[in-house]
Peer 1: 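Starting off with a structure, shown below.
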Amino acid sequence: MVENHDLLIAASTIWVVITAVLVMFMQAGFAFLEAGLTRMKNAGHIAAKNVLTFGLCSIVYWLVGFGLAFGGGNALIGTDGFVPSTDAMITVGQKPFDWFSEIPGAAAYLFEVVFAGVSLAIVWGAMAERAKLWVYFAFGVAFTLVYSVTSHWIWSPHGWLFHLGMQDFAGSTVVHYQGALAGLAGALLLGPRIGKFGTDGRANPIPGHNIPYAVLGTLILWFGWFGFNPGSTLSVDYGGFGYFAYVALTTNIAAAAGAMGGLITAWLVLKKADISMMLNGVLAALVAITAASGFVAPWASIVIGLVSGVIAVYGVIFVERIGIDDPIGAVAVHGMSGVWGTLATGLFAVPLLAKNLATGTGGFVYTGSLHQLGIQTLGLLAVGVWTFSASFGILWTLNKLWGIRVEPETETAGLDVSEHGMWGYPEFYIPVPGGYGTESHGHLGLAHARRTAPEPQHAHGAVPAPLPEPG
Amino acid sequence: MVENHDLLIAASTIWVVITAVLVMFMQAGFAFLEAGLTRMKNAGHIAAKNVLTFGLCSIVYWLVGFGLAFGGGNALIGTDGFVPSTDAMITVGQKPFDWFSEIPGAAAYLFEVVFAGVSLAIVWGAMAERAKLWVYFAFGVAFTLVYSVTSHWIWSPHGWLFHLGMQDFAGSTVVHYQGALAGLAGALLLGPRIGKFGTDGRANPIPGHNIPYAVLGTLILWFGWFGFNPGSTLSVDYGGFGYFAYVALTTNIAAAAGAMGGLITAWLVLKKADISMMLNGVLAALVAITAASGFVAPWASIVIGLVSGVIAVYGVIFVERIGIDDPIGAVAVHGMSGVWGTLATGLFAVPLLAKNLATGTGGFVYTGSLHQLGIQTLGLLAVGVWTFSASFGILWTLNKLWGIRVEPETETAGLDVSEHGMWGYPEFYIPVPGGYGTESHGHLGLAHARRTAPEPQHAHGAVPAPLPEPG
Amino acid sequence: MVENHDLLIAASTIWVVITAVLVMFMQAGFAFLEAGLTRMKNAGHIAAKNVLTFGLCSIVYWLVGFGLAFGGGNALIGTDGFVPSTDAMITVGQKPFDWFSEIPGAAAYLFEVVFAGVSLAIVWGAMAERAKLWVYFAFGVAFTLVYSVTSHWIWSPHGWLFHLGMQDFAGSTVVHYQGALAGLAGALLLGPRIGKFGTDGRANPIPGHNIPYAVLGTLILWFGWFGFNPGSTLSVDYGGFGYFAYVALTTNIAAAAGAMGGLITAWLVLKKADISMMLNGVLAALVAITAASGFVAPWASIVIGLVSGVIAVYGVIFVERIGIDDPIGAVAVHGMSGVWGTLATGLFAVPLLAKNLATGTGGFVYTGSLHQLGIQTLGLLAVGVWTFSASFGILWTLNKLWGIRVEPETETAGLDVSEHGMWGYPEFYIPVPGGYGTESHGHLGLAHARRTAPEPQHAHGAVPAPLPEPG
Amino acid sequence: MTKVEAIVIRERVETVIDAVEEQTGHVGVTVVEAIGHGRERGVTHEYRGRVFESRFLPKAQLTFVVGDAIAEGVVAAIVDSARSGSESGDGLVWTTRVANVTHNRTGKSLEEVEAGG
Amino acid sequence: MTKVEAIVIRERVETVIDAVEEQTGHVGVTVVEAIGHGRERGVTHEYRGRVFESRFLPKAQLTFVVGDAIAEGVVAAIVDSARSGSESGDGLVWTTRVANVTHNRTGKSLEEVEAGG
Amino acid sequence: MTKVEAIVIRERVETVIDAVEEQTGHVGVTVVEAIGHGRERGVTHEYRGRVFESRFLPKAQLTFVVGDAIAEGVVAAIVDSARSGSESGDGLVWTTRVANVTHNRTGKSLEEVEAGG
Ligand SMILES: Nc1ncnc2c1ncn2[C@@H]1O[C@H](COP(=O)(O)OP(=O)(O)O)[C@@H](O)[C@H]1O
Ligand SMILES: Nc1ncnc2c1ncn2[C@@H]1O[C@H](COP(=O)(O)OP(=O)(O)O)[C@@H](O)[C@H]1O
Ligand SMILES: Nc1ncnc2c1ncn2[C@@H]1O[C@H](COP(=O)(O)OP(=O)(O)O)[C@@H](O)[C@H]1O
């Protein structure tokens, strides 16, 4: 006879595993967003590093990260649940992972590791096109640990910010702001790409090589975010049965407003409906609503999204203006907008929803009190100091010891051929047996082609001449 | 203690939210299908417009569309539930959205808005490569409202076609046929792209620039369609517990038959196994099965799919033959095949299934009665008149007032650079710092490369020469 | 009043349908992995064939495959359930598909057909860039039948290997090893691509044309594999309620270890961090963990994954060394690693988990007994003999009768233009009205562009000159 | 023989070739994609609020190897047909005497081949 | 010195360069992708039931700047090695006298450089 | 007039054009992407453990049609500005007399046009 509790576990586990899988797919989103917004000569490397870093992170998080973050412990750090056993992973609500009361440990691991992977993916956006390959390994491990500590503070029931009632539903601070802080440290230490700033210090545009890739990446991320935020209920009944659907709604309209905000701001301010800015607007909005998604009203989601779109455009320009080369705008999109989302929650949190979620209190616009806003600010400061200084310190040391930036000729030739031995689009660069440039074709000669296009009837009968193969 | 009803809500909400998310991802499918079947110089624009229009639609639908469609009201239009509150979105089965009895309002909004987004995405396919950017905003808003009214007629329990028992399980008529009607109006008003028809009136082929994109788009759409049709049960028990699995089955074999139908028809009729026609066949079949998926037997799904494949090929050629330039074949695939699917349901609906779904009656082949077919036809006529005239009227007015088509030089230069300031593939068009054409490479010189490939052993030891960087 | 059993069916059907949909999406993964690792001139064909073969397979599997595999019958073959009726598809746990006790027949069909589709997709990887189009139809049908027989042996409760307790949780043997065996037969009969081996017999590199595609394909496959393995519980309670989450965990860390194993092996052995090898490592690991995912401990998953990464690199080189041209490494990744995964299960199966799953016994490292390993080996031998000889025999006959390889000029010109009449990237090859090479641009002239980039302020005001359109 | 080289805008490649054939009967040309810089101004592009420009515009370079007798006629045909009416960018034509003009397929001199030898 | 220009099919680029080096010892060539139109017919393509064709076929244009003494030999080497046996499309070779041939790296005349000066 | 042709490394295209303009005042050039083979060695690439190499390196071919008077000056300007300091690959310059230099847009001889005629 099936118990209701078993069915509750079944439903919650379905929900958490499926949403975790959606979040895992965000790696493809970052791969294509970043590859699209960088140059052809680095396309393979940029896309592939997401496989590398997510792979690395999955192992490290299983070994220590999950324990550091959710394995019991004190207010600062988890001290149990390292290298979890089969048993700890198949049981539900058992120590040290008793915090996850309706899903097996394995589902909790899966959901949390894909979040760590997203945070790590963000880091590299700001460091794109000039970091050495081994740095992905070294800093990938280090950042996963830094991240796990912070997530313990805010998401573990033992964490000190958790106790203070910080509201970060799905991680504007934990995931996005943190990733951006590390990326900023990296961008500062690496310096700008060759040619990014002219001798006169003026910024040069280095357009990404494939806007459709960037669009695909953004839509995959939007898609994945329906796992990211709604899945953070970690069960089917947190906030009420089916409450996660509401989280999906706020997420969607915020993203929509971000697209509008980014595109219109670019149109008005830059006098051009810059596509990359619209995409950044969508992502900035998704980043901002991440903390707020469970707490705010639909109208507030729109406000949060619109403002994020504006932040994306001005933020990207500002970061460039102060001489930082952030190829895909990670600092603006994940950092500034992450801060905005965390604070916006303190402004717009609906008291009833905060109560349903048993996290913090209503926001300023409802309560007139700055209490929650203060806690949000404190959280931002604490994480800012810890993550930035830790990341900067580690990267600074690695840089001093072995240098984290590639040689100029490596950078100029491109990371694909230099670090991996082969371009991302070989046939555009080199002779490939039977490859592009060796077939019989040529793409000039338009008018003629147009003038003599024969009748379709004709066409149907026609068997096209096999292209001549001399010799 | 967990109630069974709570678990039913939990399961239904999981199902509806997940399927809604799959449908949302169809935007990426349209983006890549359309970008793949149009030209390089417009690739960024074509892909990005889906982000723009889905964003716009999400906001408008939350403001008014959802209320117009499902907010109580009369036989023609919904009159309640505009700008829905947090409360209306978190409660289950409450007015005005009491029609959704097993899921929260938020889940219902989410599922319905992604459908509106798909319908809107279809519109632009037929208008691709020549419409002004602001038209996406203006007509995007207008069409979302037109769409909401029609969906009220057919899907709201208050709608007049709903009362007549029209069978449109997931929207061959509501979503696809409607989108195609608006697209047709747009294509007529815009006129063909420069160079599409020669001075002699003959059609010239304008091949899409990236067939792999079109394949990816089609597979994403196929994937998303498993949300589109099965999700339309809007619960886990409509038609019986787990009945949605059957809907997924009919959807899959119809799509499969469409691939066969399209490819084989192209092979026989055009004497070429044209890939784009196979893809159109898949989509035409998915469009047709959309209305029928809950009502027909597996064998009928195959028939519906095969016929759709044939419709796709002849439809595309026919539309072109009468002088309409529909770059991706939206009129044939979504319009003609949408009509076919709606009628086919009237032919092949299994009485038992119609009964289980409490919608209409069995189809002609089972009952020998033309009753259901008549209702389907009536629905098609009503929607055809309303949506085409409304869309044509609105676009005609916009055109008269400000002109909806870009200038010839804008069109020739491409929408990416003209409307957005930058190409979709910048490095193929312009000098990018450190970009393509500035590295050291060249792709001629095959034979040599072949002749001197050294031994692998050799290879392993070899450190490739860093590419020379003069100066 | 809702029964708990209904809810169990609802939950199980949600789970199985969603995971089936994830597996279906793996077709897009194969399409892009394979298109990315082959040449531009074949890109459309390679991507599109997955639509073709999955479509074909879906029909054939509905007609006969599903019955052969799971329709009752004897130890060798299913003898019932061909062309299943609507009734057989909507009922739960009824003959002939009573083996699926918690989901409707339709859900079972859907889950099993996408597996058949994956196995078929694997076949073509090894045969890429030189097989005739009709071969996809002919051998597609044949292989679907061969596959169905084998899956009956191992997965049907009537099958002889099932009775022996062979452990192949999700199909390292059934799906991957089988696909590779057929692919190997094809590669042998087709012979290497023109130019693959020099006159001196040395192998030439034929790099794939698009590494980002290959990365996307790999990430889609990783994503889809969360349907492949966890979905194979075929219910929410097989192995315990929510046990499927544990299967997802082992899958993920194995894949992660495979990425590390492949990349590091390539780096050490080939002296280059070859991206394609890292991707092959991920896939090899996913292939290997497929049999083991339900049976092994997390630490064992890491071991299995790491070893798979090594197998991928050496396997690919070995296959090439013995003169077989396998463009995407299917034989190594799906064949060798499939064997490894099947054997590894016999080594590392945890007794408790084997007991929970009521399949076979604990592995050698726990029990010290070679019993399970022996059964795994027997299964591999039986399948190896049956599938290889059947596939080779069928392809050999087709080859003798009509020839399965395209003409040299067809191969040299590329399959896109020869078999389908149009290239996958037309604008790079031919004059397209308004297409690439006809606009006003040019990508040399870097320094200048850099030197004169004006002030941003400037920029904002600037309206870019519409590109001059002479005439 | 004489080699006639012409720089023309890409839109005119086919037109020029047709004009040459019609007015002089000459068939045979080799075309190369080129970019050019002259009296004409270049193009401007924008990305994320930054502007940059290129001084180059796309052109095509045509090479006709023709009999000395018709060289002048070929030049005239090109100049007329290359003129686009736009205020700049139409390019140039010039001629050079060339020797040893040999036809690869036959190994004969091109003159013989064209004389149908 | 003498400039030898050749239009050949792309498949023969390497073969021709090797032939020149073997038969005359000359090293140094510049290659440009070209498309050509001559006696040979073009290619046809189809898309969604429509056919169109291009009169052009891909070629490569080779430029060798050589000493006057070996010019004839270079021409001969090219003509032989460029012949593919197909019934059309093998292209041409011709020569022109050129002056002031200067070597950028050394600033000396190419003759001196090749003389190893 | 005189045609000055130069083979230079791609990184120097703009520099050379500027040098010519500064030192001789000449404006007007056509550029073609080329690949070259000379004294310099090519590049090596690896994929899945296999190595292969190309003898070619990317270059650009510049064509200046100039007045005979300044031809030598143009050559000198190019040679100086094309020198990159690397130990190989900087290319060549040479000149040829050309006739009938006609300006497509005006139909006049280029000399007249440049004389502002
Ligand atoms: N002196 C020259 N040498 C070589 N090419 C030239 C010269 N002058 C012009 N060109 C070519 O002709 C093209 C058109 O020249 P331009 O001066 O822009 O047009 P117009 O003379 O009609 O105003 C240039 O882009 C360049 O390719
Ligand atoms: N008179 C010419 N001037 C310039 N290029 C020519 C001329 N004749 C032929 N060519 C070049 O040679 C190529 C082959 O010429 P074609 O006549 O097709 O071959 P064949 O002479 O062997 O039949 C052409 O595509 C074109 O590029
Ligand atoms: N004799 C020649 N004829 C034509 N092009 C040449 C000749 N010699 C050199 N080149 C061109 O000049 C480029 C540089 O020549 P190379 O000999 O490599 O440089 P360097 O002479 O400075 O060592 C070559 O890649 C080729 O494009």
Side-chain angles (χ1 to χ4, degrees), chain E residues 1-8 10 12-22 24-35 58-68 71 74 78 94-117, chain F residues 2-10 12 15-16 19 30-42 53-64 66 68 70-99:
Chain E
M1 299 177 79
T2 300
K3 174 174 68 165
V4 183
E5 291 176 294
I7 312 296
V8 303
R10 293 194 181 166
R12 286 304 171 95
V13 169
E14 300 268 357
T15 327
V16 167
I17 294 172
D18 292 337
V20 169
E21 184 161 350
E22 278 149 30
T24 71
H26 173 80
V27 172
V29 60
T30 299
V31 182
V32 168
E33 275 188 60
I35 57 172
K59 308 289 168 184
Q61 177 172 327
L62 280 58
T63 303
F64 301 83
V65 177
V66 305
D68 301 340
V74 171
I78 294 171
W94 62 81
T95 67
T96 330
R97 302 298 319 286
V98 293
N100 309 313
V101 184
T102 323
H103 183 247
N104 292 335
R105 178 160 50 87
T106 56
K108 298 186 188 151
S109 86
L110 185 60
E111 257 131 345
E112 290 176 70
V113 175
E114 291 188 335
Chain F
T2 302
K3 174 173 70 166
V4 183
E5 290 176 295
I7 311 297
V8 303
I9 58 175
R10 292 193 181 166
R12 285 304 172 93
T15 327
V16 167
T30 299
V31 182
V32 168
E33 277 187 59
I35 56 173
H37 167 61
R39 277 152 287 277
E40 185 181 28
R41 58 182 293 277
E53 49 185 38
S54 166
R55 72 170 84 176
F56 294 107
L57 284 170
K59 309 288 169 183
Q61 177 172 328
L62 280 59
T63 303
F64 301 84
V66 304
D68 301 341
I70 62 169
E72 308 262 320
V74 171
V75 171
I78 294 171
V79 173
D80 295 346
S81 53
R83 196 171 300 118
S84 68
S86 63
E87 76 291 338
S88 193
D90 287 349
L92 307 178
V93 188
W94 63 80
T95 67
T96 332
R97 305 296 320 286
V98 292

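Letters go in sequence order (proteins before strands), and every chain restarts at 1. Quick caveat: nothing in here was measured; it's all calculated off a predicted structure.
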Peer 1: Roughly how far, to the nearest 0.5 Å, is CD1 of F/I7 from NE2 of E/H103?
Peer 2: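 So the gap between those two atoms works out to 12.0 Å.
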
Peer 1: Within the side chain of E/N104, is there an N or O that forms a donor-acceptor pair under 3.5 Å with the backbone of F/S84?
Peer 2: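 No, the answer is negative, given that no donor and acceptor are paired below the 3.5 Å cut-off.
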
Peer 1: F/V75 versus chain E, heavy atoms under 4.5 Å apart: side chain, backbone, both or neither?
Peer 2: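 F/V75 touches chain E through side-chain heavy atoms alone.
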
Peer 1: Search all heavy atoms of E/V27 against all heavy atoms of F/G38 and return the closest pair with its distance.
Peer 2: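 The answer is CG1-O, 3.8 Å.
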
Peer 1: Using non-hydrogen atoms only, which part of F/E72 is less than 4.5 Å away from chain E: side chain, backbone, both, or neither?
Peer 2: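 Answer is side chain: those atoms of F/E72 sit under 4.5 Å from chain E.
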
Peer 1: Rounded to the nearest 0.5 Å, what's the gap from NZ on F/K59 to OG1 on E/T30? Could you check?
Peer 2: 8.5 Å

Peer 1: To the closest 0.5 Å, what do you measure between CD (F/E33) and CD (E/E33)?
Peer 2: 8.5 Å

Peer 1: Roughly how far, to the nearest 0.5 Å, is CG of F/L92 from CZ of E/R105?
Peer 2: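 Rounded to the nearest 0.5 Å, the CZ-CG separation comes to 10.5 Å.
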
Peer 1: Which one, E/L62, E/I17, E/T63, E/V98, leads in non-hydrogen pairs under 4.5 Å with chain F?
Peer 2: E/V98

Peer 1: Please examine the side chains of F/W94 and E/M1, heavy atoms only from C-beta on, and report whether any two atoms are closer than 4.5 Å.
Peer 2: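 Heavy-atom side-chain distance check fails, nothing below 4.5 Å.
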
Peer 1: Got a second to check how far E/T96's OG1 is from F/R97's CZ, nearest 0.5 Å?
Peer 2: 14.0 Å

